[in-house]
Amino acid sequence: MSARAVGALVTNGFREARRNRVTVVLVAFAVAMLSSSILVTQVTVRTLDRVVVDFGLGVMALILSFLAIFLSTGLVSREIERKTIFLTLGKPLGRTSFLLGRLGGNLLTLLVLEAAMVALYLAQLALLRTPFTQPQAMALIGLFFEVSLLTTVGILCSATLSQTVAAVTTTGVFFLGHLSGDLYRLVRTSDDAVLRFAGKAAYYVLPNLERVNFRLMAAHNQPVPLSTVLSGVGATVAYSVALFIIASWIFERRDFK
Amino acid sequence: MSESTPIEIRGLSKVYRTGFTQARKVQALSGLDLTLQPGTVYGLLGPNGAGKSTTIKITMGLVQASAGTALIFGRPPSDPRSREKLGFVPENPAPYEYLTGREFMEMSAALVGLSPAEGRARSSELLEQLDLQRAERLLIRKYSKGMVQRVALAQALLGRPRLLILDEPTSGLDPVGRSQIRDLIAAERARGTTILFCTHIISDVEAVCDRVGVLVRGQLVREGTVSELVSSQTSVLEISIEGVGLERLTEAMGKPLQARVAADGRLLVQVEVADRERFLGIVLQRGGRVLSLQGARFSLEDLFHQALSEDASRREAA
């Protein structure tokens, strides 16, 4: 595996996203939304800090999740559809390296976008004299790992399905990933053994995105224990690595007609 | 299985499975054997659907063979090192259109393993060689088809390959574009690069290839040098003479001769190869002069059509 080749693909992926109109429009939208939270604070009386934090983190999570789904689900399928993959794989580059480079490009894009949004968010906090607290920092770290996991789901789907189907599936995983804990709690009380088993199976198979979602704690300014963050991040990274290995295994065996 | 042999294919077969249940089978290649010797330009000819692109895709590791082996410099296509000395231009190449020509070249250079400085220098050299230096800052989505083809060829040459695989490189190009690509192939051949040139444009094959293989329905039905293939089909010679009339020649030969008079007055007579010595003796005995002698034109195109009709007859008989 050549680090130079993977690096070139990472840079290229970042450049592709930067020149994509959808990314530009969404970033503009995020800037507008974050800025408008100042207006939202006008209608609040005593919970200004909570609204600013809740609204700011919520907008970032929404935009970054959408971008992660949009960018990742087209990564491989679009290359296959447009046949750009033929020129890239015609080089002395393994398919897993290709996938790794494309994943890296997407993660770099999301990291840069999140950093830009965080800068805007911090400026807003400073303007409104709202303190930046430990739970907010943990929420921002958790958010990056959440969208990273979504990206890996998107790449797995993209390596096997068309872009539209991949996008629908990844969006489904996004919602289920946030609801799997609730669903599990709900079916655990059921009398139906099959339903209980299905709920338990879904809980263990699907990613639990709530493990790295500390936004509610940040809004209520509840400290997030470091152990909770580390276990959440560890589980998310492990899940992402497992998905990447599956994606790579499938991708290595695909025919590009 | 020599490392010096650019391409060695043995018993290669490919069955594509299609349809929702993948139950329908399409045999794209059946037991193909093919060896490319270093320094040759090999033209793989065949109609659409003959298996040319499948052969190339298996060789490039883009498609997996159902049976048989393909080796590039002694390595299987699944090994990325098999592509270290290889340049590839697929059919209708699609470079990343959101990049400029230079960005695409420099990214490709990194994929080939060149350092950033080497990549920049080699990109400049090739962009100039392929007459793209004025468009190097332009997004590829604004390139014409000929420019896209040239930038695809330029990226294939970045690593100074010892083997070039070109799938329909002149397809859809105007005569100037085709001529440029042919010149470039000729220049690479002069450098000693082995080239697998896949096309259905016969005149291109005649112009640049040393050896030719005709692929029909996944099988190699003819193989040899262009002259071998054409001359093996030539049983008639066209002899250009002057100073003796057709009547006297016909009388001396004792059988009718096919002939025509050229614009400059020369007599062009068609003679069976078996009658060649006797005919030339008669011309000289009667005070005539022989100006030229060549095989009657049986083009690669005729050969190609013959191969196709033979295949059709075989299928009808079966």
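Every chain is numbered from 1, with letters handed out A, B, ... down the list of sequences.
Between chain A and the options Ala152(B), Ser108(B), Pro93(B), heavy-atom pairs under 4.5 Å are most frequent for Ser108(B). Of all the listed residues (Gln155(B), Met60(B), Glu106(B)), the one sharing the greatest number of non-hydrogen pairs under 4.5 Å with chain A is Gln155(B). Contact tally against chain B (heavy-atom pairs below 4.5 Å) for Pro92(A), Gly7(A), Gly90(A): the top residue is Pro92(A). For the set Leu93(A), Asn12(A), Asn20(A), Thr88(A), the entry with the most heavy-atom pairs within less than 4.5 Å of chain B is Asn12(A). Between chain B and the options Thr84(A), Leu89(A), Leu9(A), Thr11(A), the largest number of non-hydrogen pairs under 4.5 Å is found for Thr84(A).
In this model, no donor atom of one side chain and acceptor atom of the other lie less than 3.5 Å apart for Thr151(A) and Ser72(A). Donor-acceptor pairing under 3.5 Å is recorded for the side chains of Tyr96(B) and Glu79(A).
Between the Ser82(B) side chain and the Arg75(B) main chain, no donor and acceptor come within less than 3.5 Å of each other.
Using a 4.5 Å cut-off on side-chain heavy atoms (C-beta onward), Pro161(B) and Arg191(B) make contact. Taking 4.5 Å as the limit, every side-chain heavy atom of Leu103(A) sits out of range of all side-chain heavy atoms of Leu99(A).
Legend: residues meeting salt bridge (Lys or Arg N to Asp or Glu O under 4.0 Å) with Arg254(A), ordered by chain and number and at least two apart, are absent. Residues satisfying the side-chain contact (heavy atoms from CB on, under 4.5 Å) criterion with Tyr203(A), sequence neighbours excluded, are Ser180(A), Tyr184(A), Asn208(A).
Using a 4.5 Å cut-off between heavy atoms, Ser53(B) makes no contact with chain A at all.
The interface of residues 113-125 of chain B with chain A, defined by heavy-atom distances below 4.5 Å, comprises Gly113(B), Leu114(B), Ser115(B), Pro116(B).
Side-chain rings of Phe251(A) and Phe98(A) approach one another, their centers coming within less than 6.0 Å.
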Solution key, residues 235-242 of chain A side-chain donor-acceptor pairs under 3.5 Å, sequence neighbours excluded:
from      : atom 1 : to        : atom 2 : distance (Å)
Thr236(A) : OG1    : Gly232(A) : O      : 2.7
Tyr239(A) : OH     : Val205(A) : O      : 2.3
Ser240(A) : OG     : Thr236(A) : O      : 2.8

